[in-house]
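Report on one structure; see the data block that follows.
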Amino acid sequence: MTEILLSFIYIFVFIILFNFPFNIFNLKTQLNVFKIISFDAILLNIIIHLNVLLLLSFFKLNLNIIFAFEFLIGTLFFIYRYNKFNNYINKSFLQFFYFVVFCFVLFLSISTDPHLTWDGLEHWFFKTQVYYQYGEYSMLKGLPYDYYPHLGSYLWAYFWKNSLINLEYFGRYFFAFFFVVTIFSLTNLLDKKFSILEKFFISLLIIYICTDAFLFGGYQEYLLFSLLYIVSRLFKMLIDNKLNQIYILFFILMTSFLILWTKQEGFFYYIFLNLVFFICFKIKLNYKILYLLLLSFSFLFFIFMKINFFGELQFQSNIIHNSLENNLNINAILNKFFIICKYYFISLLKYPIWIFILFSSLYLFVKTSYFRSKNFFVIFFVISTLFVFAIYLHTPYEIKWLLSTSLSRILFGLSGFYIILLIDFLNHINKKNKVY
Amino acid sequence: MIIKKYIYFFSLLIFCIFIFKGFVNFYIILNNNYDQRMLKYGGFCNNYGYGFVKYINDKYKFNYNIAVKNFNDAPSPYAYFYNINKNLSKKYLILINASDNDLNPYLLRSNYAILEKIEKCYLVRLND
């Protein structure tokens, strides 16, 4: 019973932790930045907190003290905003209630089967153990897959260490919480014409088809999914909101920085997202220069930390390897290409959210001029798809085994970037139905 | 009207919990503590061999990290028991679900002796 009770309490711990700096209890706030509603504010707060935690992860600091400090500030903000919280609950009780319910059922599902799945145990959990046992960044060297980024493992250890009953799976609750906030932020974008019941069922459907207990077993895919959603949301804001671009740019920068430290492929997504940013968006020149400077600084920081602590920037397989010469054979390449296509199709079916995304994209492409203004979706899709094919064409490992174990996860992570298309499609359909 | 609203509200709640197996999960957590659930899903000598490694660690309280080789189609549970302040033992080794064919190379060629055996799980020690 203690575990169940604490799981429930942990939802409110997360809410208190992430209720600052932006006020999450205002139904609609003009923060001189952009209009944000409660769940968007939580996402922005999470981005700020994760960036701070990421920077702290390079120092030998006591996780309990960091948490106590963060929680204290959160509590003070919460008390200060208590009236607004009451207002929020009065006006949006149902939404808040279902948010808590969704978090709770996902927490229970993690708690029921607390064992870690493959990569969680073999790749990520060692890093978590280091931070949990008051280790520091330099101690990651020599661990299995030490060259993998450590952000997810650090967060896991951080929330595990501060779980009161010291159970490992409490550390993984954060990924579920972040995921549910992401989906609620997404469904908040639905037109006002949608009833609460419709919004509830859309949230339920998305959470249901995106939930994979296996990935909650220590994988970083949900973290990546949520971060990519935030980037696509910020990109969209950048097009819709010509004012206050500088704030949006900062958040894009911070989110892409987190992506860089989340997974190995995050390194490439970081490059692609910023490439897409420079290709697709018309920003004031001085903003672009400032962005480029900060971007270069963050990238150099990443390279510096890797080289300084691990000796090199390492990937799972070397860029140049012996099996590469096989790729000179056109038959071998074609054979690999068709195998990748086959598994690509299977992986799309494994996570049905892709079926909805593809259908929505097709509709928006054929029936509207949506992608004319939001071409960043198309460009990122082309680049990321080429990247996925390139990974598997390049790999020295047995391709079928690798495809069957990893492609679906890569695609799931990427779906976070495009999931907003589903909402735009629903808004378009709804508007159309109301007109005719 | 208010009763109708509450019924509607309550039905959605039940539906939501039901499709995420909330009731079943609630029941499992209430009836099994953390260790029992870990044993159920992590296995004793099957699956990850979590139970056997925990049993060995609790019994012997080694001052070293003991490497675990899992012969099941599952990852090694070594990370669960990894202690950053201990070195890896060169002497001891845990084998999970090792068949005779898996075990023989250690016993015959590498001069290991069996210290503990439960089902097909072994704690072996390299003889001096």
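This structure is a prediction, so every number in the text was calculated from the model and none was measured.
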For [X], is it the side chain, the backbone, both or neither that has a heavy atom under 4.5 Å from a heavy atom of chain B?
{"X": "A/F107", "result": "neither"}
{"X": "A/L143", "result": "side chain"}
{"X": "A/M139", "result": "side chain"}

Are there over 12 heavy-atom neighbours, none belonging to [X], within less than 6.0 Å of that residue's [atom1]?
{"X": "B/Y60", "atom1": "OH", "value": "yes"}
{"X": "A/F97", "atom1": "CZ", "value": "yes"}
{"X": "A/K199", "atom1": "NZ", "value": "yes"}
{"X": "B/F23", "atom1": "CZ", "value": "yes"}
{"X": "B/D58", "atom1": "CG", "value": "yes"}
{"X": "B/K86", "atom1": "NZ", "value": "yes"}
{"X": "A/Y208", "atom1": "OH", "value": "no"}
{"X": "B/L126", "atom1": "CG", "value": "yes"}

Let's test your reading of the structure: which of [options] forms the most heavy-atom pairs below 4.5 Å with chain B?
{"options": "A/V101, A/L116, A/L106", "result": "A/L116"}
{"options": "A/V105, A/L121, A/L167", "result": "A/L121"}
{"options": "A/Y169, A/F104, A/Y132, A/F126", "result": "A/F126"}

Least distance between heavy atoms, [X] atom then [Y] atom:
{"X": "B/Y8", "Y": "A/L197", "result": "OH-CD1, 3.3 Å"}
{"X": "B/Y34", "Y": "A/P114", "result": "CE1-CB, 3.7 Å"}
{"X": "B/C16", "Y": "A/F102", "result": "SG-CE2, 3.3 Å"}

Donor-acceptor under 3.5 Å (A/Q133 side chain, B/N85 main chain):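 Between the backbone of B/N85 and the side chain of A/Q133 there is no qualifying donor-acceptor contact (under 3.5 Å).
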Check: B/S76 main-chain N/O paired with A/E122 side-chain donor or acceptor under 3.5 Å: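 Judged by distance alone, yes, a pair lies under 3.5 Å.
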In terms of heavy-atom proximity below 4.5 Å to chain A, should [X] be classed as side chain, backbone, both, or neither?
{"X": "B/F18", "value": "neither"}
{"X": "B/Y80", "value": "both"}
{"X": "B/N31", "value": "neither"}
{"X": "B/F26", "value": "both"}

Residues of residues 111-124 of chain B contacting chain A, heavy-atom criterion under 4.5 Å, by residue number: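 The residues closer than 4.5 Å to chain A amount to none at all.
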Winner by heavy-atom pair count (cut-off under 4.5 Å) against chain A, out of B/N33, B/N47, B/L13, B/V24: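 Looking at each option in turn, the highest pair count goes to B/L13.
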Distance, nearest 0.5 Å, that separates CG of A/L140 from CD1 of B/I84: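 Output value for this atom pair is 9.5 Å.
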Does some side-chain heavy atom of [Y] sit less than 4.5 Å from a side-chain heavy atom of [X]?
{"X": "B/F20", "Y": "A/S109", "value": "no"}
{"X": "B/R37", "Y": "A/E3", "value": "yes"}
{"X": "B/L12", "Y": "A/L94", "value": "no"}
{"X": "A/T128", "Y": "B/Y82", "value": "no"}

Parallel, tilted or perpendicular: rings of B/Y41 and A/H115 (30°, 60°):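 Plane angle under 30°, so parallel.
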side-chain contact (heavy atoms from CB on, under 4.5 Å) partner of B/I28, chosen from A/T112, A/L108, A/D113: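 For B/I28, the side-chain contact (heavy atoms from CB on, under 4.5 Å) check succeeds only for A/T112.
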